[in-house]
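Down below is the structure, laid out as structure tokens.
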Amino acid sequence: MIFVFLGIQGSGKGTQAKLLSKHFDIEHVNLGEYFRKHMSDKSSLGVLAHAFISEGRLVPDEIVCEIVSKLMLCKGNGYVFDGFPRTLNQAEYLNYVYPVNRVYYLELEDNIARERMLSRRICSDCRFDYNLQIRPPKIENICDNCGGAVVRRADDTIELIQNRLDLFHAETQPLNQYYQNLGILSVINANNEIDKIHEMIVKEAK
């Protein structure tokens, strides 16, 4: 099974992808987090990715597709993709290699997405995600899981957030039509409670 989550940043793709991967016991692949880990480790891939991500640009298709190809060599029951594909070339590549079962577009207005992104936080140690609006840590700035420091993501500045919103509308939103033409797109209202959104997603899963 292959599932894809599309949606403006802040729409809750990561949260819903994790819930669906747990529901079906399949792998959750978050390419954004994958790149951030490599940047933190200062690997060669991290240095390359940083040159693009630090400016709010997308990592080139050829690099992304090569990484996905390597990640999928050990495919078990399937994958839930979060943050991939982001361009038409990436979508066509994925569907050629592994046909997608269902694509979820989490629909959210820009102003709500912007507020959510400004409220995002992450544990500097275990990388667990938080949001001060909907899922804050129990103790301010302290991770519930490991006790590490909860901080704002380096790429969640107002300027870079606006760059990502603009990129989404230009590069990623057109994928809706591509997947609609394939008959596998489900549009989900992302301005709902987490559990309700998950229920709608599971109902649409095929």
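Just so we're clear, the structure is a prediction, and the values are computed from it rather than from any experiment.
Formation of a donor-acceptor pair under 3.5 Å by the Arg102 side chain with backbone atoms of Ile184 is found in this model. Proximity of a side-chain donor or acceptor of Tyr130 to a complementary backbone N or O of Asp144 within less than 3.5 Å is detected. Put simply, the side chain of Lys13 gets close to the backbone of Gly7: a donor and an acceptor are under 3.5 Å apart. Side chain of Asn131 to main chain of Arg116: a donor-acceptor pair is present (N/O by atom type, distance under 3.5 Å, no hydrogens or angles). Side-chain N or O atoms of Asn95 include one that pairs as donor or acceptor with a backbone N or O of Val100 at under 3.5 Å. Using modelled atom types, one side-chain atom of Gln16 and one backbone atom of Ile194 make a donor-acceptor pair closer than 3.5 Å. A donor-acceptor distance shorter than 3.5 angstrom exists from the side chain of Ser124 to the backbone of Ala149, with no hydrogens or angles considered. Side chain of Arg86 to backbone of Leu167: no donor-acceptor contact under 3.5 angstrom is found.
Note that CZ of Arg121 and CG of Asn141 are 8.0 Å apart. Values are rounded to the nearest 0.5 Å. Remark: Leu6 CG to Leu175 CG distance equals 6.0 Å, nearest 0.5 Å. Leu118 contributes atom CG, which lies 5.5 Å from atom CD1 of Ile158 (distance to the nearest 0.5 angstrom). The distance from atom OG of Ser11 to atom CD1 of Ile112, rounded to the nearest 0.5 Å, is 11.0 Å. Here CG of Asp61 is found 4.5 Å from CD of Gln90. Values are rounded to the nearest 0.5 Å. Rounding to the nearest 0.5 Å gives a distance of 4.0 Å between OG1 of Thr15 and CZ of Arg135.
Summarising the geometry of Ile26 relative to Gly78, their closest heavy-atom pair is CB-O, 3.5 Å, with the distance given to 0.1 Å. Between Pro174 and Ala170, the shortest heavy-atom distance links the atoms CG-O, 3.6 Å. When all heavy atoms are compared, the tightest approach of Pro85 to Leu94 is CD-CD2, 4.2 Å. Shortest non-hydrogen contact noted between Ile161 and Met117 is CG2-CE, 3.5 Å. Shortest non-hydrogen contact noted between Asp82 and Ala17 is CB-CB, 3.9 Å. Ala113 and Leu165 get closest at one heavy-atom pair: CB-CD2, 4.5 Å.
Atom CG of Asn111 has more than 12 neighbouring heavy atoms from other residues, nucleotides or ligands inside a 6.0 Å radius. Other residues, nucleotides and ligands contribute only 12 or fewer heavy atoms inside 6.0 Å of the CD atom of Glu109. Counting heavy atoms of neighbouring residues, nucleotides and ligands inside a 6.0 Å radius, atom CD of Glu92 exceeds 12 of them.
In the hydrophobic clustering of ILVMFWY residues, with side-chain heavy atoms under 4.5 Å counting as a link, Ile142 and Val150 come out apart. Both Phe24 and Ile197 are members of a single hydrophobic cluster when ILVMFWY side chains are connected at heavy-atom separations under 4.5 Å. Hydrophobic cluster membership is shared by Leu88 and Ile2, with clusters built from Ile, Leu, Val, Met, Phe, Trp and Tyr side chains linked at under 4.5 angstrom. Hydrophobic clustering, with ILVMFWY side chains joined whenever heavy atoms are under 4.5 angstrom apart, groups Val202 together with Met1. Under the 4.5 Å side-chain heavy-atom criterion for Ile, Leu, Val, Met, Phe, Trp and Tyr, Tyr79 and Leu182 are members of the same hydrophobic cluster.
Sorted by first and then second residue, the side-chain hydrogen bond (donor to acceptor under 3.5 Å, both in side chains) pairs involving residues 173-184 (not counting sequence neighbours) are Tyr105-Gln173, His169-Gln173, Gln177-Asn181.
In this structure the side chain of Ile122 reaches within 4.5 angstrom of the side chain of Arg127, judged on heavy atoms. Within the 4.5 Å cutoff, the side chain of Asp125 has heavy atoms near those of the Cys123 side chain.
Residues Gln162 and Asp166 bring a donor and an acceptor atom of their side chains to less than 3.5 Å of each other.
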For a side chain to side chain contact (heavy atoms under 4.5 Å, CB included) check, start with the C-alpha distance between Phe84 and Val29, then their side-chain angles and the critical distance, and finish with the verdict. CA-CA 9 Å; Phe84 172 85; Val29 178; over 6 Å; no

Side chain to side chain contact (heavy atoms under 4.5 Å, CB included) for Phe3 and Ile201? Distances and angles first, verdict last. CA-CA 11 Å; Phe3 298 101; Ile201 287 171; over 6 Å; no

Give the C-alpha distance, both sets of side-chain angles, the deciding distance and a yes or no for side chain to side chain contact (heavy atoms under 4.5 Å, CB included) between Leu20 and Phe5. CA-CA 10 Å; Leu20 191 64; Phe5 279 86; 3.9 Å; yes

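Not counting sequence neighbours, the partners of Asp156 by the side chain to side chain donor-acceptor pair (under 3.5 Å) test are Arg120, Arg164.
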